[in-house]
Amino acid sequence: MQLNAPTVRPESDVLSALLQPIQVGGVTAPNRVVLCPMTSCFADEDGFVSDRMIAFLEARARGGAGIVMTEGAAVHSVGRGWKHHFKHL
Ligand SMILES: Cc1cc2nc3c(=O)[nH]c(=O)nc-3n(C[C@H](O)[C@H](O)[C@H](O)COP(=O)(O)O)c2cc1C
């Protein structure tokens, strides 16, 4: 059986496009690498942003991700499912 040669190489147009800036709404991200949401449970006990959450996301942004997503956030306190569940209100 013959295996196909890889079609994506480091110097390919696809990968160079990944490193190009992209505008999302009114913001321009420096590249198209996106950190997907992860349930870190780094909100404080009341669901607010904590220093630990900021440090976690900041480290990923400094590492080069062009767009960093937060984890899922409850839109209201009554919708929080667990301790340290992030919330909007
Ligand atoms: C709100 C939210 C929280 C998530 N939390 C996690 C997580 O804690 N761990 C994880 O592996 N994936 C988590 N995911 C999924 C990843 O963000 C991502 O979508 C997934 O890993 C993409 O891989 P796939 O599309 O190949 O399945 C979460 C997704 C959402 C929308």
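Because the structure is a prediction, the values reported are computed rather than measured. Values reported hereafter were calculated over all heavy atoms of this structure, with side chains retained and with hydrogens, waters and symmetry mates removed.
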The test is side chain to side chain contact (heavy atoms under 4.5 Å, CB included); show your working for Val33 and Ile67 and say whether it passes. CA-CA 6 Å; Val33 176; Ile67 298 173; over 6 Å; no

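Taking each heavy atom of Gly72 and Phe86 in turn, the nearest pair found is O-CB, 3.8 Å. Of all heavy-atom pairs spanning His85 and Ala73, the tightest one is NE2-C, 4.5 Å. The shortest heavy-atom contact between Pro30 and Gly66 is CD-O, 3.7 Å.
Neither side chain, Glu71 nor Thr39, offers a donor N or O lying under 3.5 Å from an acceptor on the other.
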Please list every donor-acceptor pair under 3.5 Å in which a side-chain atom of residues 45-52 meets a protein atom from a residue at least two apart or in another chain.
unit_1, atom_1, unit_2, atom_2, d
Ser50, OG, Phe42, O, 2.3
Ser50, OG, Arg52, N, 3.4
Ser50, OG, Met53, N, 3.0

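Using a 4.5 Å heavy-atom cutoff, the side chains of Val68 and Val34 are not in contact. A heavy-atom distance below 4.5 Å is not found between the side chains of Leu18 and Asn31. A heavy-atom distance below 4.5 Å is found between the side chains of Arg60 and Leu35. The side-chain heavy atoms of Gln20 and Arg32, taken from C-beta on, include a pair separated by under 4.5 Å. Here the side chains of Thr28 and Ile22 are not in contact, with every heavy-atom distance at 4.5 Å or above.
In the hydrophobic clustering of ILVMFWY residues, with side-chain heavy atoms under 4.5 Å counting as a link, Leu57 and Met38 come out together.
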